[in-house]
Amino acid sequence: MDTLELVRLNLLSPMVLAFAVGVAASLARSDLKFPDALYVALSIYLLLAIGLKGGAELSGTPAATVWAPLLVTLLIGTATPVWCYAILRRLGKLAQADAAAIAAHYGSVSAVTFLAGLTFLQRAGVPAEGFLPALVAVLEVPAIIVALIIARTATGGMNSWAGALREALAGKAVVLLTGGMFIGFLSGQEGVAQVAPFFIEPFHGALTLFLLEMGMVAARRLRDLAAIGPFLIGFAIVMPVLHGILGVYLGTLAGLSVGGSTILGLLAASASYIAAPAAMRIALPQANPAFYLTASLGITFPFNLTAGIPLYYALARLVHGGG
Amino acid sequence: MDTLELVRLNLLSPMVLAFAVGVAASLARSDLKFPDALYVALSIYLLLAIGLKGGAELSGTPAATVWAPLLVTLLIGTATPVWCYAILRRLGKLAQADAAAIAAHYGSVSAVTFLAGLTFLQRAGVPAEGFLPALVAVLEVPAIIVALIIARTATGGMNSWAGALREALAGKAVVLLTGGMFIGFLSGQEGVAQVAPFFIEPFHGALTLFLLEMGMVAARRLRDLAAIGPFLIGFAIVMPVLHGILGVYLGTLAGLSVGGSTILGLLAASASYIAAPAAMRIALPQANPAFYLTASLGITFPFNLTAGIPLYYALARLVHGGG
Amino acid sequence: MDTLELVRLNLLSPMVLAFAVGVAASLARSDLKFPDALYVALSIYLLLAIGLKGGAELSGTPAATVWAPLLVTLLIGTATPVWCYAILRRLGKLAQADAAAIAAHYGSVSAVTFLAGLTFLQRAGVPAEGFLPALVAVLEVPAIIVALIIARTATGGMNSWAGALREALAGKAVVLLTGGMFIGFLSGQEGVAQVAPFFIEPFHGALTLFLLEMGMVAARRLRDLAAIGPFLIGFAIVMPVLHGILGVYLGTLAGLSVGGSTILGLLAASASYIAAPAAMRIALPQANPAFYLTASLGITFPFNLTAGIPLYYALARLVHGGG
Amino acid sequence: MATVSLKLVTVIAEAVLEERLVRALLDLGAKGYTLSEVRGSGARGVRAGGPEVNVKIETVVSPEVADRILAHLAERYFAHYAVIAYAETVEVVCGEKYT
Amino acid sequence: MATVSLKLVTVIAEAVLEERLVRALLDLGAKGYTLSEVRGSGARGVRAGGPEVNVKIETVVSPEVADRILAHLAERYFAHYAVIAYAETVEVVCGEKYT
Amino acid sequence: MATVSLKLVTVIAEAVLEERLVRALLDLGAKGYTLSEVRGSGARGVRAGGPEVNVKIETVVSPEVADRILAHLAERYFAHYAVIAYAETVEVVCGEKYT
Ligand SMILES: Nc1ncnc2c1ncn2[C@@H]1O[C@H](COP(=O)(O)O)[C@@H](O)[C@H]1O
Ligand SMILES: Nc1ncnc2c1ncn2[C@@H]1O[C@H](COP(=O)(O)O)[C@@H](O)[C@H]1O
Ligand SMILES: Nc1ncnc2c1ncn2[C@@H]1O[C@H](COP(=O)(O)O)[C@@H](O)[C@H]1O
Ligand code: NA
Ligand code: NA
Ligand code: NA
């Protein structure tokens, strides 16, 4: 399959099309509105499902193949926020709190982007390691901690440092992912088979429905686009690509397959919009949410969903000597 | 299968039985209550699913077979509200606003009735054209526009004419149906296959659950029965039958199969209870909702669900020379 | 399979593990929170689904095999609250209202416990009668009535006696179970097959998700543990075991299989936490909810879920001469 | 804008009482009410186990009806049920609608 | 604690009007609003069929803006739509934020 | 009906603060609270992107506690967080329950 074909395959997937429909509905000012409860229910479902599946596959994976990917993931989670902060301060001239908050978002991870990536690989017939959800869980929190340490060092005082930390670690995304992995790991393939008609088979459809809503949310964020300025818009596209290259490369070094390296690239490239915003509102309220939400949700998320996924896959094939 | 057998098949379907349970629960004043979010989530799901399926099948249909059914559907959507208005004014002596509002409802369409019809055909083993959901989307809005034009001509002033129109066109039913068709059309059979365990296979079950709630809603409307008077009660049963005959006949002319003609009859016979009420509340607030809601939701909907579906099917077989 | 293996099979099922994750999330004070609408939607789904399945299987069952199990179930429902009340008054020295309210809970039944039991049997490959859901419906209400009669006799006056009764009979659990059975019975195996991808196949997964939430709810109840005292804690463990033995024995007498006897034991052992609490709050508001909710939800439910199910199964095998 | 002074009575109660309280308000002379689902916790916290699920019922009524409602609640509900109630004065347009 | 007296205007209206009413409030000078989903029933009960789905919009404004809002609602909405509104005095911290 | 005059303090705040604010209210002397999920938008609109998800916390307290709550909020939250608060006088039955 050549690159154009991959892009087409991705753009014409139900997921990406549903995202587009959501954007269009929002721009047409439709009265279509997902109940909050549906949005929350779908995210609970998706996170738990991905954990379950990952846990079940982890139960059959020798520890030897897992430690290297885990390590590079941890490395990515702690290093990326550092240089994001430096770039945002030096080149972007952003205030300390704003820079730290954005750094937290780009160092952390978006679970939905991850799911979209897995679905792409599946459609393209590319296998990927089963334990990848574990990497999502590992990548979620470190960047938030690093960014808060930076902010504290830079600004001195800070509200509710400990509280923010505890909440990030016991945050729902982490609890559902690790909880799902725990269930999947202990009940094994056989246990997961029993719940597969609920958690595994309808998964892509539920993700499609969720992306319709994400499209509406992302479109609303775009109204703030003018406020965030050209530098941040550029940052929200260039930075994911750089992180994507890094992730693909480190993933390959750590022994991941083409599919796995694609996903690690995508994880590195993705920006959080669940765990990080909540932590930032509590610990760094002086940081302007219009900056980090518009960048991560309005720009980086759609970018990765549409262009990023096939790009990192093409890169992974290149690095693996295929392509 | 003879007519009695068809009626039995329809009445003993899980859908219709669930509707009956809903009615009974409401009459028994049970504390069973669907959360609003569940009701909304189920309607989002149903509309999107039907659009998806229709879109995927449309992608394989030559335009030549589609234009005639689309045209007669448009005809039905613009003509039926005109005579409904005349009948309601002349024979029913209703106020102008009330007559126009009811005409909008009976000219428009009920997506759930449509779904019940498809499910009936499937159980009876009768094939139907895949592009029928497109007809639902086409039939949704024109009657609302026509009725508002009539009301404006008749009464002079009117609130928020343009607003009501825009909202009808960007209303959630239209957006989800056309959005679903867009996704289904572009991602094709293969794309829809990926989401089938969510959108296609569990479909009838979700519809059954939804009809349980619809039964409770319809039963609540029946409490207003006394207020609406015998004329409107008769209208709510006779008019669907007349529209059903027209729809079956025009559908057959337009080249639809027995199944397709049944559905077009059912569409013509059905009365809106999502798009039309919202538009009427905004543009014609002086029209009494007890009239149009009780007629469409309390009488016509149950009538079509139980008696109408097998009736229009029997008609379609007759018109097609079977029977 | 020996007993240890059964315990392991049960503890490592996705359901029980999900319950444990819910407990852990609550203890870690995670911000994970199910929307109320999701909780309600899942309980509607589970009750309706179990009714549907039971009704469809009942349609093929000769009345002769059903009457004896129904009779012993009715017997259990009316007798258990009587001795519960006596024990709670004599040995526990509880106030009349408190004793009556707790008796109502332990005489009634927990539908989720029932579902967990069925799932266990299925995993263990043990067949069970299809009509068992009918027993749940029958066991739901009598204990509530008996306990209210006791309370009325003991205390004289009582609020809203008739209202509480009507509400118990038209309560949502009863309506959904019997409504589902009605639908399943009339539409038969063929009708249920049409909705199976929604109501039957994803069932275990939905139950797993529900148990995650139940874990969080149960853990919150445990905070009141100190308030309820050692007697009630003991009662909440010993009483289920005694009722479980009784249920298994009577079930065997009534001609139930090993699987069916296990379930009847489990039903007798389980304590209500939907129908009974609502009825008690209305009819016996002076009874302290901390007592009956903590006992039934915080102790008996987890006990039955983890230890009770394999225990009653082992008993049933013993009584049936297997083991 | 010509307004009339009326009483806004707010009742917060455990959810099982919803139907009963609404009926009582209307029987006592309220012409309408507005209801929302809330959570809360109070001095008694009879149901405990985390914030409790309550309903909040608000009704705009004449001072006399307000008095009757508060008296009725105090007599019938306050002792055993989780119910609180308070009244305040509000300025209403189209006052005739509420009496 | 230094506080300022302002007006809290509460509007309860059928849900389809949400967008229109919010726009009207902001046009008339409100600087913010808070909205919740409620159910209710009133003297007219135009939509009937059980409790109706409404929105409740609350806005803290200066007395003049409050007056303008009530007048606007009375003129444009009260006749045909299911809408009620009332105002009351509240003590606000950081009063400058609302005017 | 014998009633007591107390203060109803209403706090509207971004949802992440829920737990913190509830704890603060109880620490400052409130004996109970009622909480609902609302949406809204304000002068600062810090989180923007359409109406924001907030919580509304209402608590009936003595005038002194009301004052302490408003002062605490003004000091700790108003600068950086999306929080507004106001107090009004309400007539309460069974006033002893709130103090
Ligand atoms: N001081 C208070 N302020 C606001 N709401 C309260 C207060 N006290 C109690 N409530 C509400 O009334 C309900 C019942 O209170 P209680 O009967 O004390 O448990 C609680 O769940 C709260 O929603
Ligand atoms: N007296 C009242 N007190 C509180 N809310 C009311 C009252 N009357 C009407 N409402 C609310 O306003 C809505 C419209 O009232 P109406 O136009 O009379 O049907 C109702 O659905 C209620 O939510
Ligand atoms: N004038 C107002 N009236 C009512 N609610 C307001 C007002 N201003 C702000 N709010 C509420 O307070 C929240 C935070 O406001 P702000 O900090 O100005 O963004 C908003 O989301 C609204 O829910
Ligand atoms: Na990242
Ligand atoms: Na029609
Ligand atoms: Na029992």
Side-chain angles (χ1 to χ4, degrees), chain D residues 1-40 51 53-63 65-66 69 85-99, chain E residues 5-15 28-29 34-48 50-91:
Chain D
M1 195 65 227
T3 59
V4 187
S5 283
L6 289 173
K7 289 290 172 188
L8 169 66
V9 177
T10 303
V11 185
I12 298 168
E14 48 188 307
V16 286
L17 296 177
E18 173 180 330
E19 222 183 291
R20 279 172 175 70
L21 290 175
V22 164
R23 234 181 298 130
L25 295 187
L26 299 177
D27 286 352
L28 294 166
K31 293 282 173 280
Y33 64 90
T34 296
L35 192 149
S36 49
E37 272 136 40
V38 298
R39 288 174 284 143
V53 175
N54 296 329
V55 288
K56 173 161 122 182
I57 311 179
E58 290 168 304
T59 180
V60 177
V61 291
S62 67
V65 172
I69 291 174
Y86 48 84
E88 65 203 284
T89 304
V90 292
E91 303 301 313
V92 174
V93 205
C94 302
E96 63 287 357
K97 167 174 205 312
Y98 303 94
T99 50
Chain E
S5 283
L6 287 173
K7 289 289 172 187
L8 169 66
V9 177
T10 302
V11 184
I12 298 168
E14 46 188 307
L28 292 166
T34 295
L35 193 150
S36 49
E37 272 136 41
V38 299
R39 288 174 285 144
S41 124
R44 294 178 300 184
V46 281
R47 291 150 301 147
E52 312 185 310
V53 175
N54 296 328
V55 288
K56 175 162 123 183
I57 311 178
E58 291 169 304
T59 180
V60 177
V61 292
S62 68
E64 301 76 51
V65 172
D67 228 55
R68 258 185 286 169
I69 291 174
L70 293 182
H72 178 82
L73 293 176
E75 190 202 316
R76 291 281 299 274
Y77 291 97
F78 282 6
H80 291 307
Y81 293 101
V83 174
I84 72 166
Y86 47 83
E88 65 204 284
T89 303
V90 293
E91 303 300 313

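Chain naming here is simple, since letters A, B, ... match the order of the sequence lines and numbering starts at 1 in each.
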Student: Taking atom CG of E:L70 and atom SG of D:C94, what is their separation to the nearest 0.5 Å?
Tutor: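 Going from the CG atom of E:L70 to the SG atom of D:C94 covers 10.0 Å.
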Student: Is chain E contacted by the side chain of D:V60, its backbone, both, or neither, given a heavy-atom distance below 4.5 Å?
Tutor: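 Contact with chain E: side chain only.
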Student: When E:Y86 is tested against each of D:V93, D:T3, D:L8 for side-chain contact (heavy atoms from CB on, under 4.5 Å), which residue passes?
Tutor: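 When side-chain contact (heavy atoms from CB on, under 4.5 Å) is applied between E:Y86 and each of D:V93, D:T3, D:L8, only D:L8 qualifies.
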Student: With a 4.5 angstrom heavy-atom cut-off, could you sort out which part of E:L73 is near chain D: side chain, backbone, both or neither?
Tutor: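 It is neither, since no heavy atom gets under 4.5 Å.
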Student: Within this structure, what is the CD-CD distance for the pair E:E37 and D:E37, rounded to the nearest 0.5 Å?
Tutor: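 The distance works out to 10.0 Å.
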Student: Should D:E58 and E:K56 count as an ion pair when the cut-off is N to O under 4.0 Å?
Tutor: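 Salt bridge between D:E58 and E:K56, a charged N being under 4.0 Å from a carboxylate O: yes.
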Student: Which atom pair, heavy atoms only, marks the closest approach of D:Y98 to E:A85?
Tutor: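 Heavy atoms of D:Y98 and E:A85 come nearest at OH-N, 4.3 Å.
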Student: If I compare all heavy atoms of D:T89 with all of E:E88, which pair ends up nearest, and what's the gap?
Tutor: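 Closest pair (atom of D:T89, atom of E:E88, distance): O-CB, 3.9 Å.
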Student: Can you tell me how far the CG atom of D:L35 sits from the CD atom of E:E52, to the nearest 0.5 Å?
Tutor: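 Answer for the CG-CD pair, D:L35 versus E:E52, is 13.0 Å.
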